[in-house]
Amino acid sequence: MAGREQKKSGGGGKKKEVKKETGLGLSFTKDENFGEWYSEVVVNSEMIEYYDISGCYILRPWAMSIWEIMQTFFDAEIKKMKVKNCYFPVFVSPGVLQKEKDHIEGFAPEVAWVTKSGESDLEVPIAIRPTSETVMYPYYSKWIRGHRDLPLKLNQWCNVVRWEFSNPTPFIRSREFLWQEGHTAFATKEEADTEVLEILELYRCIYEEFLAIPVTKGRKSELEKFAGGLYTTSVEAFIPNTGRGIQGATSHCLGQNFAKMFEINYENEKGEKAMVWQNSWAYSTRTIGVMVMVHGDNKGLVLPPKVAALQVIVIPVPYKDADTQGIFDACAATVATLSEAGIRAEADLRENYSPGWKYSNWEMKGVPLRIEIGPRDLANNQVRVVRRDNGEKTDISRVFLVEQVKGMLDKIQQNLFDAAKQKRDACIEVVKTWDEFVKALGQKKLILAPWCDEEDVEKDVKARTKGEMGAAKSLCTPFEQPELPEGTKCFASGKPAKKWTYWGRSY
Ligand code: 87F
């Protein structure tokens, strides 16, 4: 995706600029230039400000509020599972980072280092965490002694730094990002296996119930899994405009690999020495980028009501000789009624902007519902409600305000999910042969193909599809498997197929 690095500032600000540029507030359309459209939406909606270090972005309150809503949900859910929050340092000593050598090898170029304090070189350079296994697990080794210390379930909400070199994109690929990382240790593999799926279900919930984005739960191939772990599960989303899959979040069973490396041992009930089973799981601010890409349109951002900091914006529409004060009072009363009912509502009473400008501005910011109150509405004790997702206008009596608005927010939430699912499903192509696969890839499809599940075959698929657009890879083997008739052959190798697997280009 294109996306410019240093966008000139401005855009969302003054009334003239927005109106004059295109009449829409955006100079690129989603279908014609997706990359530029995306950059413009995240900036003009006031979610992101570009920063003077490439790949780093300022998360403005409009973005942060979405993150916090998801965080509140997820944090409460993991606490129900007895996961405790903690905070480990951002710095990693080089020794401990090397310990994970085999697994860190491929990642090493992305690790950022602090080498100086002031003018003098540090005696030993210090790494900045790209993830916290090596930071945390030495202490797991220290804290876990007996079976009574298990399970140990910790999570931290933090930032991580990965010095990416390819194509930085706000939310999707940034050099610093926010996430939660959960790291748990159990006495048995069964407990670990169970938790992997419980967490994955929470991730599905974040995407489908909060962000209104359909995802596929599944297992990663041997090539695509976290190399340090036993197996990796993920929720996978799809961006129809670019025809790319995107990993939404991951839940790994680490097995005992790290336990061996970091000597995370304990004495079991029989007094024998045993090794823990571990999991790790994470979702990041990438979720917000996927939301923008999936739901945004040519007027800007489209927020699903459940993650919108502001669900309803109330705008007075006073005509010259109308009862302006009466209209403003009605706006304030409307906000009060909605707020009391737990609906996140505000009035835009700024007098230096026209109603029309405000409409575009709040559309750009993706607020799910706009309420307009003009003289006629005042006279009829009604308000006009306009949906952001489909532009539908309805006049509703103020008597039924709360129930109607609640109903509409629910409808918008559902409609966004249904529309996104329909679009995603329309991109799914079931293929059986290599020729069909190549054709579907060229058409930006999300490909479902029977596969022999062999690592070398996936490597071969990557090699054979290498090019400007990036190679195709497996996205996941969905847990929900269509029937695989006896004798079905692998699309790539012709060997007996073992699983239906999703393939495509990806972020
Ligand atoms: C970049 C630099 C160094 C990903 C990296 O998925 C190390 C790594 O280990 C690295 N990029 N990874 C894999 C992260 C695995 C795992 N960590 C905890 C997760 C979930 C949360």
Side-chain angles (χ1 to χ4, degrees), residues 55 74 78 83 85-114 125-140 152-166 168 172-185 192 195-200 202-203 206 218-236 246-255 257-259 261-262 264 277-287 475-476 506-507:
F74 189 80
I78 60 175
V83 176
N85 279 327
C86 62
Y87 188 79
F88 282 76
V90 71
F91 299 115
V92 195
S93 71
V96 83
L97 194 69
Q98 296 308 321
K99 200 162 183 167
E100 205 210 7
K101 218 172 188 160
D102 293 351
H103 309 114
I104 215 126
E105 214 168 42
F107 298 125
E110 288 181 9
V111 177
W113 294 84
V114 179
I126 291 167
I128 302 173
R129 68 174 162 228
T131 177
S132 300
E133 282 81 355
T134 59
V135 176
M136 297 168 86
Y137 296 168
Y139 300 89
Y140 279 44
L152 178 62
K153 303 190 196 188
L154 299 182
N155 177 70
Q156 65 176 355
W157 293 95
C158 65
N159 61 333
V160 286
V161 172
R162 294 179 184 174
W163 215 252
E164 306 265 4
F165 291 93
S166 63
I172 301 294
R173 190 180 297 110
S174 55
R175 286 176 162 178
E176 180 186 1
F177 58 86
L178 303 182
W179 74 355
Q180 60 65 220
E181 50 178 322
H183 294 265
T184 52
E195 191 205 57
V196 165
L197 296 182
E198 280 173 9
I199 294 293
L200 197 66
L202 293 180
Y203 292 150
I206 285 179
R219 184 171 165 148
K220 287 284 190 182
S221 68
E222 280 305 297
L223 204 61
E224 290 300 322
K225 76 170 191 183
F226 173 37
L230 185 58
Y231 65 89
T232 294
T233 69
S234 69
V235 290
E236 299 285 327
I246 184 159
Q247 181 175 289
T250 52
S251 180
H252 312 280
C253 178
L254 302 177
N257 297 346
F258 286 92
M261 250 180 308
F262 290 90
I264 312 177
W277 292 86
Q278 287 176 278
N279 290 343
S280 77
W281 27 273
Y283 81 92
S284 73
T285 37
R286 168 179 272 202
T287 45
L475 304 172
C476 77
S506 78
Y507 280 92

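Order of appearance sets the numbers: ligands from 1, and atoms from 1 within every ligand.
The aromatic rings of Phe258 and Phe262 sit parallel, their planes meeting at an angle under 30°, below the 60° perpendicular limit. Using bins of under 30°, 30° to 60° and over 60° for the plane-to-plane angle, the ring pair Tyr203/Phe74 lands in the parallel bin.
Close approach of ligand 1 to Thr250 is summarised as follows: ligand atoms under 4.0 Å from at least one heavy atom of the residue are 6 (O). The ligand atoms of ligand 1 that sit less than 4.0 angstrom from a heavy atom of Phe226 are 9 (O), 13 (C), 15 (C). The ligand atoms of ligand 1 that sit less than 4.0 angstrom from a heavy atom of Glu110 are 1 (C). Remark: ligand 1 atoms within the under-4.0 Å shell around heavy atoms of His183 are 18 (C). The ligand atoms of ligand 1 that sit less than 4.0 angstrom from a heavy atom of Pro130 are 1 (C), 2 (C), 3 (C), 7 (C).
Summarising the contacts of atom 8 (C) of ligand 1 with Trp179, Trp281, Phe107, Trp163, the nearest heavy atom is found in Phe107. When the options Val92, Thr232, Thr131 are ranked by their closest heavy atom to atom 9 (O) of ligand 1, first place goes to Thr131.
Closest protein heavy atom to atom 17 (N) of ligand 1: Glu133 OE2, 2.6 Å. Shortest contact from atom 21 (C) of ligand 1 to any protein heavy atom: Ala282 CB, 3.5 Å. Distance from atom 11 (N) of ligand 1 to its nearest protein heavy atom, with residue and atom name: Arg162 CZ, 3.1 Å. Among protein heavy atoms, atom 19 (C) of ligand 1 sits closest to His252 NE2, 3.1 Å.
Judged purely by atom type and a 3.5 angstrom limit, Arg286 uses its side chain to pair as donor or acceptor with the backbone of Ile172. Without hydrogens or angle criteria, Gln180 side chain to Asn155 main chain gives no donor-acceptor distance under 3.5 Å.
Each of Leu200, Leu202, Thr232 was scored for a side-chain contact (heavy atoms from CB on, under 4.5 Å) with Ser251, with one residue passing: Leu200. Among Asn257, Leu254, Thr250, Thr131, the one residue that satisfies the side-chain contact (heavy atoms from CB on, under 4.5 Å) test with Phe226 is Leu254.
Looking at Leu230 and Trp277, their side chains come closer than 4.5 Å, going by heavy atoms from C-beta outward.
The pair Glu224-Arg219 does not meet the salt-bridge criterion, since no charged nitrogen lies less than 4.0 angstrom from a carboxylate oxygen.
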